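Chain letters run A, B, ... following the sequence lines, proteins first, then strands; residues in each count from 1. Worth saying up front: this structure is predicted, and the values here are computed from it rather than measured.
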Protein chains: 2
Amino acid sequence: MDEPELLIDLLEHIGLLLRTERRRQSATHRLSEVHLAILDYLAHCNRFSNTPLAVSTYLGITKGTISQSIKLLESKGLIKKETDKDDRRVIHLSLTRKGSAITRSRPAANWRKALQRLDNDDLRHATQVLRQLLDQLQKENGYKTFMQCRSCRHLLANEAGAYRCGLTQQPLKPRDLGKICVEHEPGSPGAAESG
Amino acid sequence: MDEPELLIDLLEHIGLLLRTERRRQSATHRLSEVHLAILDYLAHCNRFSNTPLAVSTYLGITKGTISQSIKLLESKGLIKKETDKDDRRVIHLSLTRKGSAITRSRPAANWRKALQRLDNDDLRHATQVLRQLLDQLQKENGYKTFMQCRSCRHLLANEAGAYRCGLTQQPLKPRDLGKICVEHEPGSPGAAESG
DNA sequence: TCTATTAGTTTCGTTTCGATACTATATGAC
DNA sequence: GTCATATAGTATCGAAACGAAACTAATAGA
């Protein structure tokens with residue numbers, strides 16, 4: 001078996017384990033695995049990416065289904081909706097305190113422990129390679145990369161060191177750079193490097 | 001955001017893309033995503049691991065559900081069942097020619113292409129790191145590693161260069177070493193290295 | 001103003017899923 | 001041997017998740 005296929009097998013398997021782990025955790029909150037996935041996503045995404053459409057793109061399920069899940073999560077008081085001020089078709093989702101509490105315990109402690117056992121340089125390198133893989137998949141397939149603003153070609157910094165998004169022209173705080181964005185495109189022109 | 005969490009995000013996202021890609025392909029065969037996942041698994045696993053229980057463990061869904069899926073796949077002529085000769089409770093599943101034809105087109109061409117664009121040493125290194133991650137997850141969580149016999153501590157070789165599994169005492173052909181096994185445990189004592 | 005597009009919702013029927021109870025075989029104690 | 005227990009797999013049932021398609025509402029562009 002060749003190396004690329006081996007890597008895909010590993011990615012597939014680890015992906016399944018992540019789902020299994022999430023399923024286990026979701027049971028304790030009386031949620032489905034997908035619902036927990038939505039909460040996790042909302043905890044990581046920036047303010048351009050917290051819409052039902054972005055969620056459905058990220059998770060790969062249809063917007064009709066997502067709409068149902070969101071209704072349920074809202075009824076449980078885990079997320080709240082807010083209409084966009086500029087485009088009144090758009091809805092922004094955010095975690096309530098209660099929803100935020102659930103995501104704070106993730107990723108699971110045992111996964112963190114397993115990662116701590118690995119060499120730091122190895123982790124960094126593997127992360128870098130997967131990032132490249134995602135870039136290539138974006139080029140080949142048009143998949144959205146959903147990565148951090150930090151590595152996005154739209155990220156701009158002025159001479160005062162303030163950041164903004166070249167696409168939306170919105171200002172970005174330093175902490176925004178670590179959030180994932182539905183508009184992310186690989187390559188970082190004049191901006192900060194990861195790390 | 002720290003490096004480990006970043007890696008988990010990437011693994012999560014790539015796992016989702018793999019599912020999305022599989023879902024797209026499954027539609028063309030009028031199958032569900034899970035059914036295609038079962039076929040893929042059967043194409044990769046060895047003869048100790050082609051049971052309904054192993055499938056359900058690998059995919060993380062209950063055996064009752066798997067039982068139904070298997071019944072459906074059998075009725076479509078994609079897999080066939082065979083009762084184990086030594087333990088008549090156990091059933092072995094295998095792909096029919098028709099089922100095998102479906103898995104042969106996977107992983108998808110565009111994924112292969114994306115991987116080819118990456119540096120070979122990088123791929124090898126990343127593969128190695130993910131393998132270690134899986135080992136650690138096994139230690140921490142008891143997750144099954146489901147890796148190739150090649151890297152299993154149960155693998156034995158005699159002086160004639162013939163392989164066998166120290167757990168089942170069954171002989172293993174060279175091509176068996178590249179198959180994934182439900183009994184896999186990390187660490188390779190006296191046996192061949194990967195590559 | 002008219003048309004096309006986009007974000008999100010609703011509805012409906014299908015499929016999938018987990019839980020539970022079940023059968024059949026195997027194992028181990030005695 | 002016999003009986004209890006464990007294990008592999010199946011059957012059944014109700015809940016839910018899902019995709020498809022039709023729909024509403026807001027926007028964009030001609």
Side-chain angles (χ1 to χ4, degrees), chain A residues 16 19-20 22-39 42 47-76 79-93 144 168 182-183, chain B residues 16 19-20 22-38 42 47-76 79-94 182-183:
Chain A
L16 282 169
R19 274 184 80 188
T20 302
R22 176 139 54 203
R23 194 172 294 139
R24 186 184 310 180
Q25 293 199 12
S26 66
T28 73
H29 297 289
R30 308 208 171 235
L31 293 170
S32 82
E33 184 239 330
V34 182
H35 296 153
L36 194 49
I38 295 175
L39 297 183
L42 291 177
R47 65 183 187 277
F48 315 130
S49 313
N50 57 3
T51 68
L53 189 59
V55 174
S56 84
T57 305
Y58 182 78
L59 295 181
I61 42 190
T62 60
K63 58 182 185 171
T65 302
I66 286 291
S67 184
Q68 295 308 306
S69 301
I70 285 171
K71 200 164 63 174
L72 184 142
L73 286 172
E74 193 189 18
S75 79
K76 292 203 174 194
I79 63 177
K80 54 180 191 289
K81 295 179 176 182
E82 199 174 347
T83 307
D84 188 284
K85 283 170 183 55
D86 297 326
D87 186 340
R88 287 160 38 74
R89 293 172 304 182
V90 176
I91 288 183
H92 292 282
L93 306 167
K144 297 265 186 188
T168 64
V182 65
E183 303 291 357
Chain B
L16 282 169
R19 277 185 78 187
T20 301
R22 175 137 56 204
R23 193 173 294 138
R24 186 184 309 180
Q25 293 199 12
S26 66
T28 74
H29 297 288
R30 306 205 174 240
L31 292 171
S32 83
E33 184 241 328
V34 181
H35 295 153
L36 194 50
I38 294 175
L42 290 177
R47 64 185 188 278
F48 316 130
S49 314
N50 57 4
T51 68
L53 190 59
V55 174
S56 83
T57 305
Y58 182 77
L59 294 180
I61 43 189
T62 61
K63 59 181 186 171
T65 303
I66 286 291
S67 183
Q68 297 307 306
S69 301
I70 285 170
K71 199 164 65 173
L72 185 142
L73 288 172
E74 194 189 16
S75 78
K76 292 204 173 192
I79 64 177
K80 55 178 190 292
K81 295 179 176 181
E82 200 175 345
T83 306
D84 188 283
K85 282 169 185 56
D86 296 327
D87 186 339
R88 289 162 33 78
R89 291 172 305 183
V90 175
I91 287 182
H92 293 282
L93 307 167
S94 57
V182 64
E183 303 292 356

Inset, instruction - Give A:Asp86 one of three labels, base, sugar-phosphate or nothing, depending on what nucleic acid heavy atoms sit under 4.0 Å from its own. - result: sugar-phosphate

Legend entry - Rounded distance (Å) that lies between atom C1' of D:dC18 and atom CZ of B:Arg22: 18 Å

Legend entry - Contact nearer the 5' end of DNA chain D, comparing A:Arg89 with A:Thr62: A:Thr62

Inset, instruction - Just compare D:dA8, C:dT11, D:dT27 and give me whichever is closest to any side-chain atom of A:Arg88. - result: D:dT27

Inset, instruction - Check whether more than 12 heavy atoms from other residues, nucleotides or ligands sit under 6.0 Å from atom CZ of B:Arg88, and answer yes or no. - result: no

Inset, instruction - Tell me what A:His35 touches on the nucleic acid: a base, only sugar-phosphate, or nothing, going by heavy atoms under 4.0 Å. - result: sugar-phosphate

Legend entry - Residues in side-chain hydrogen bond (donor to acceptor under 3.5 Å, both in side chains) contact with B:Gln25, at least two apart in sequence or another chain: B:Arg106

Inset, instruction - Without swapping roles, check the side chain of A:Thr57 against the backbone of A:Leu53 for a donor-acceptor pair under 3.5 Å. - result: yes

Inset, instruction - Find out whether B:Lys81 and B:Leu93 are in side-chain contact, i.e. whether some heavy atom of one side chain is under 4.5 Å from a heavy atom of the other. - result: yes

Legend entry - Taking every non-hydrogen atom, the tightest pair across A:Arg23 and B:Leu59: NH1-O, 4.4 Å

Legend entry - Minimal non-hydrogen separation, A:Ile91 against A:Pro52, with atom names: O-CD, 3.4 Å

Inset, instruction - Just compare D:dA8, D:dG19, C:dC17 and give me whichever is closest to any side-chain atom of B:Thr65. - result: C:dC17

Legend entry - Any N/O donor-acceptor pair, B:Ser67 side-chain to D:dG9 base, under 3.5 Å: no

Legend entry - Whole-Å distance separating the CG atom of B:Leu73 from the P atom of C:dT15: 14 Å

Inset, instruction - Specify the separation, in whole Å, of atom CZ of A:Arg30 and atom P of D:dA16. - result: 11 Å

Legend entry - Euclidean distance, atom CG of residue A:Leu72 to atom P of C:dG8 [Å, nearest integer]: 18 Å

Inset, instruction - Starting at atom CD1 of A:Ile91, determine the distance to atom C1' of C:dT6, rounded to an integer number of angstrom. - result: 13 Å

Inset, instruction - Measure the distance from CD on B:Gln68 to C1' on C:dC22 and round it to the nearest whole Å. - result: 13 Å

Inset, instruction - Specify the residue among A:Lys63 and A:Lys85 whose closest nucleotide of DNA chain D lies further upstream toward the 5′ end. - result: A:Lys63

Inset, instruction - Tell me which nucleotide among C:dC17, D:dA17, C:dT9 gets nearest to the side chain of A:Ser32. - result: D:dA17

Inset, instruction - When you get a sec, tell me which of D:dT12, C:dC17, D:dT27 is the closest nucleotide to the side chain of B:Val34? - result: C:dC17

Inset, instruction - Just call it for A:Ile61: base, sugar-phosphate, or nothing, with non-hydrogen atoms closer than 4.0 Å on any strand. - result: sugar-phosphate

Legend entry - d(CG, B:Leu93; C1', D:dT10) in whole Å: 13 Å

Legend entry - Given DNA chain C, 5'-ward residue of the pair A:Arg19 and A:Lys81, judged by closest heavy atom: A:Lys81

Legend entry - Rounded distance in Å - CG (A:Asp84) to C1' (D:dT27): 12 Å

Inset, instruction - State whether A:Lys71 places a side-chain N or O below 4.0 Å from either non-bridging phosphate oxygen (OP1 or OP2) of C:dT10. - result: yes

Inset, instruction - Could you please name the option among D:dC18, D:dT27, D:dG9 that lies closest to any side-chain atom of B:Leu53? - result: D:dG9

